[in-house]
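Here the structure comes first, spelled out in structure tokens, and everything after it is commentary.
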There are 2 protein chains.
Amino acid sequence: MQRDLKDRLYEQFARIGKALANPHRIEILELLAQSDRTVESLASEIGLSLANASQHLKTLRQAALVESRKDGLHVHYRLADPGVFDLCAVIRAVAERRLADFERLVQQHFGERSDLQPVAMRDLLDRAKADDVVILDVRPAREFEAGHIAGAISMPIDDLQARLRLLPTDREYVAYCRGPYCVYADRAVELLHRSRRHARRLFEGFPEWRAAGFPVARGPEASASKITRSSRRAGSPRQRRART
Amino acid sequence: MQRDLKDRLYEQFARIGKALANPHRIEILELLAQSDRTVESLASEIGLSLANASQHLKTLRQAALVESRKDGLHVHYRLADPGVFDLCAVIRAVAERRLADFERLVQQHFGERSDLQPVAMRDLLDRAKADDVVILDVRPAREFEAGHIAGAISMPIDDLQARLRLLPTDREYVAYCRGPYCVYADRAVELLHRSRRHARRLFEGFPEWRAAGFPVARGPEASASKITRSSRRAGSPRQRRART
DNA sequence: AGCATATTCAAGTAATATATTAAATAGTTG
DNA sequence: CAACTATTTAATATATTACTTGAATATGCT
């Protein structure tokens, strides 16, 4: 009964599913959720051959999940719709809740992270409004420029060590990166702790922040030199807020 | 850098994606979003051989999207997590917005539906609170029992014609079914219109209602005989509300 | 024009997925 | 226990997918 119609509708849904049926393609989508990228840039970041990356992108384009724009020699790919990130996010959520293998993997590699008391998005928003915290975007500059948490300062993880002296020691820092399983923010927090600064990471990454509808900004700007010392108690970090 | 970890994480995500890479498996998931079902029941509804249905269910179980429970001769399958319906919903949303083929298909088969002015979930909730409308669940009784919109009356589409006389002519009706592309509610509205009753369909279906957090109920109950005639103007349907 | 670079395309192969058929298992009924 | 039903498993043919390699295309630069 209506079999033909149903088959055709579900065939369309499965086009999306098929595009998500490969680990490298999901990784491509999550990278594109940070910023546009060229084929070569995606291939080298993920460790794919150029031809292979190009083929995956073709698959994704045929499923209408990405779009491309030609710019001279380069072809820039981008997500076709904010809903594409939702796809990744829901897959991740289900994997977290349901896949024992996934949980084990996370436990092995991020088990110690709970000691670092990641900050929730809502809490960060409140503290940012109170100008209570310095938000550090530790992703590559290109991704910061494509979109970042409003008020954040670009401090790519590779430059952080060299630029530490720009960061007053009496402020509190929250670092964020690409997502909950990206280690950039962990490394940043580690570096900041080593230099006796108070720092935590945002639990999520920028795409989750944007998807939640929290304030974002675009473009370069906000050099670290703008960070002022704490106006509250010069020389000593303010009391840590209680978090449960 | 951290390639090995990333590969393993994305491999897990892709397990979910692979499970969604087949039209019949997506259809199985959407059916299970209505109610638990046995293998045989799924196979016959979808038009699959038993062995084939069993294999698809095995795939879904290995991706931890469904669980099974043995009951005598039968094995009942159910969604493993509410997030699994979210997967279907997000895929559908992306298909609707991005796939031209899908849009064309919908236009061809449901193009005339906009004439019927489907009711939005929010509007239905408001009107239900005001006891302004009779909500008819036109899915099979089994699905109604597994969960339905709070206050709805079970009126399976196959019985509707025979039970029409139980429905006062001076009330307004909203019929709903499995989802936006299920035709049961369309047929119900058509039958009700033919018998000069005022009726519209809910745009979405029960799983969307539940996922939105609107009030639901379980179990049999609520026979049609409980429907009272309108207390406002006996004999004539009340004025239609303006909808834009 | 000639060369370099970025990307796509085409062909081939290995691996994986799908559906069919037949056989095996497990539980129920008489 | 035999007959029956629901489900799973196994075996197989076919189709699809993933990655590699090498060639083709397209653009920009000198």
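In what follows, chains are A, B, ... by sequence order, proteins preceding strands, each numbered from 1.
A:Gln55 has its CD atom 13 Å from the C1' atom of D:dG22, to the nearest Å.
Between its opening and closing five pairs, the helix from C:dA1-D:dT30 to C:dG30-D:dC1 changes axis direction by 20°, a value rounded to 10 degrees.
Other residues, nucleotides and ligands place no more than 12 heavy atoms under 6.0 Å from the CZ atom of B:Arg165.
Note on A:Glu143 versus A:Arg37: salt bridge recorded, some NZ/NE/NH1/NH2 to OD/OE distance being below 4.0 Å. Taking the charged nitrogens against the carboxylate oxygens, B:Glu45 and B:Arg178 do have a contact shorter than 4.0 Å, which makes a salt bridge.
Looking only at distances, a side-chain donor or acceptor of B:Arg25 sits under 3.5 Å from a matching main-chain atom of B:Lys18. B:Ser54 contributes no side-chain N or O that, together with a main-chain N or O of B:Leu50, makes up a donor-acceptor pair within less than 3.5 Å. With hydrogens and angles ignored, the 3.5 Å screen pairs a side-chain donor or acceptor of B:Arg15 with a backbone N or O of B:Gln62. In this structure, the side chain of A:Tyr173 does not engage the main chain of A:Ala188 through any donor-acceptor pair within 3.5 Å.
Residues that satisfy the side-chain contact (heavy atoms from CB on, under 4.5 Å) test with A:Ala80, not counting sequence neighbours, are A:Glu67, B:Arg98.
Put simply, A:His56 has no side-chain N or O that comes within less than 4.0 Å of OP1 or OP2 on D:dT17. Taking 4.0 angstrom as the limit, B:Ser54 places none of its side-chain polar atoms (N or O) nearer than this to OP1 or OP2 of D:dT7.
Bounding nucleotides for the chain B contact on DNA chain C, 5' to 3', at a heavy-atom distance below 4.0 Å, are C:dA17 to C:dT28.
With a 4.5 Å cut-off on side-chain heavy atoms, A:Ile16 and B:Leu99 count as touching.
The side-chain hydrogen bond (donor to acceptor under 3.5 Å, both in side chains) analysis of residues 205-219 of chain A, with sequence neighbours excluded, yields the pairs A:Arg92-A:Glu208.
Among the protein residues, B:Ala51 comes within range of the nucleic acid bases, having at least one heavy atom under 4.0 Å from a base atom.
Two rings, from B:Phe102 and A:Phe13, have their centers less than 6.0 Å apart.
Checking A:Tyr77 against A:Asp36 by side-chain atom types alone, no donor-acceptor pair falls below 3.5 Å.
Within residues 18-39 of chain B, the residues that place at least one heavy atom under 4.0 Å from DNA chain D are, in residue-number order, B:Thr38, B:Val39. Residues from residues 58-79 of chain A lying near DNA chain D, meaning a heavy-atom separation below 4.0 Å, are A:Lys70, A:Gly72, A:Leu73 in numerical order.
B:His24 NE2 to B:His56 NE2: the interatomic distance, rounded to the nearest 0.5 Å, is 6.5 Å.
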